[in-house]
Amino acid sequence: MGRGKIVIRRIDNSTSRQVTFSKRRNGLLKKAKELSILCDAEVGLVVFSSTGRLYEFSSTNMKTVIDRYTNAKEELLGGNATSEIKREAASLRQQLHNLQESHKQLMGEELSGLGVRDLQGLENRLEISLRNIRMRKGSLIHQENVELSRSLNVMSQQKLELYNKLQACEQRGATDANESSSTPYSFRIIQNTNIPPSLEMSQSQQKEGECNKTDAPELGLSDSIATKK
């Protein structure tokens, strides 16, 4: 009877696990050596045990194999990156060509190859673009009108304030002129049987509640004026 199929999973028993590792490690190293000899292949094998111990096999030199592997990996990655860049560049060139063709058709050029359906689609696109342009234009005009109206309101307010200030200055100047033209002193004749007629000078009342009144000096008349009938 043949052996039963072994389930590939981690061996829980540490002793069994170590025995299995030794057997399969030796078999793997033997297969790598046979492969390098039979097929003239450059083989490098590196194995680390669970305890961290290193086992290796190289058909030539391990450092040479590792350097070759690193270079080959970089070339592979570089080649993939170059291919991706080339594909992306080709896609961008195609998109640019399509945009240029569409722009020419929107400008009314190179329409000979278009059918009725294509021309109808182009006309619809132009109508949509024209409608969007008009909406944008109307929005900008409305915004400009609002700004102009605001500026006019500010100018009108400033003009009104300036006019009010001018009126106040004129009224103040007229008041000052009237006050300066009035006579500050007045004269009156006092009649008394015992005292000769005389003139009394009194100071006029000052504005805004200043009522300090001073007696004016009496001016005596000459004998000729007093005896004159």
Side-chain angles (χ1 to χ4, degrees), residues 85 87-193 195-222 224-226 228:
I85 293 174
R87 286 194 297 268
E88 185 176 359
S91 177
L92 292 175
R93 280 195 297 268
Q94 184 63 35
Q95 292 179 13
L96 178 61
H97 176 74
N98 295 337
L99 290 174
Q100 291 175 347
E101 292 293 328
S102 177
H103 177 72
K104 290 180 181 179
Q105 292 174 0
L106 290 174
M107 296 299 295
E109 303 175 0
E110 298 184 5
L111 302 178
S112 59
L114 300 179
V116 177
R117 181 175 298 178
D118 295 332
L119 292 174
Q120 183 65 38
L122 181 60
E123 184 178 2
N124 294 336
R125 291 169 57 190
L126 290 173
E127 290 178 353
I128 293 173
S129 299
L130 183 60
R131 183 163 59 250
N132 293 334
I133 292 172
R134 288 173 177 171
M135 291 177 60
R136 178 59 177 169
K137 179 181 176 182
S139 177
L140 291 177
I141 292 175
H142 175 71
Q143 185 176 356
E144 290 179 357
N145 290 337
V146 171
E147 293 295 333
L148 289 175
S149 178
R150 186 181 295 109
S151 300
L152 288 176
N153 292 334
V154 173
M155 293 177 64
S156 299
Q157 184 66 25
Q158 294 177 350
K159 182 179 179 181
L160 180 60
E161 293 177 357
L162 182 60
Y163 176 77
N164 293 333
K165 290 181 179 180
L166 182 60
Q167 290 293 107
C169 291
E170 291 179 353
Q171 293 178 0
R172 190 181 302 110
T175 303
D176 294 341
N178 292 333
E179 291 179 354
S180 62
S181 63
S182 62
T183 304
Y185 297 96
S186 63
F187 296 88
R188 60 182 178 179
I189 299 175
I190 301 175
Q191 297 291 339
N192 196 314
T193 57
I195 302 175
S198 61
L199 296 177
E200 180 182 9
M201 181 178 67
S202 62
Q203 188 176 4
S204 63
Q205 295 181 351
Q206 297 181 359
K207 55 184 176 180
E208 295 182 359
E210 293 182 1
C211 300
N212 297 327
K213 185 176 180 182
T214 59
D215 295 330
E218 296 182 354
L219 299 178
L221 298 176
S222 63
S224 61
I225 297 176
K228 188 177 182 180

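In what follows, every heavy atom counts, from backbone to side chain, and hydrogens, waters and symmetry copies are set aside. If you read the sequence from its start, that first residue is 1, and numbering goes on from there.
- Under the side chain to side chain donor-acceptor pair (under 3.5 Å) criterion, Q94 pairs with N98, not counting sequence neighbours.
- Listed by first and then second residue, the salt bridge (Lys or Arg N to Asp or Glu O under 4.0 Å) pairs involving residues 92-108 are K104-E110 (not counting sequence neighbours).
- Residues Y163 and K159 have side chains not in contact (no heavy-atom distance under 4.5 Å, counting atoms from C-beta outward).
- The stretch residues 118-127 participates, sequence neighbours left out, in these side-chain hydrogen bond (donor to acceptor under 3.5 Å, both in side chains) pairs: S102-R125, Q120-N124.
- The side chain to side chain contact (heavy atoms under 4.5 Å, CB included) check on Q95 picks up S91, L92, with sequence neighbours excluded.
- Within the structure, salt bridge (Lys or Arg N to Asp or Glu O under 4.0 Å) contacts touching residues 148-157 (residues at least two apart or in different chains) are E147-R150.
- In this structure, E170 places its CD atom where more than 12 heavy-atom neighbours from other residues, nucleotides or ligands lie under 6.0 Å away.
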Identify every side-chain donor-acceptor pair in residues 131-145 under 3.5 Å, counting partners at least two apart or on other chains, and give the distances.
{"residue": "N132", "atom": "ND2", "partner": "I128", "partner atom": "O", "Å": "3.2"}
{"residue": "N145", "atom": "ND2", "partner": "I141", "partner atom": "O", "Å": "3.3"}

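- Residues passing the salt bridge (charged side-chain N to carboxylate O under 4.0 Å, His left out) test with E161, sequence neighbours excluded: none.
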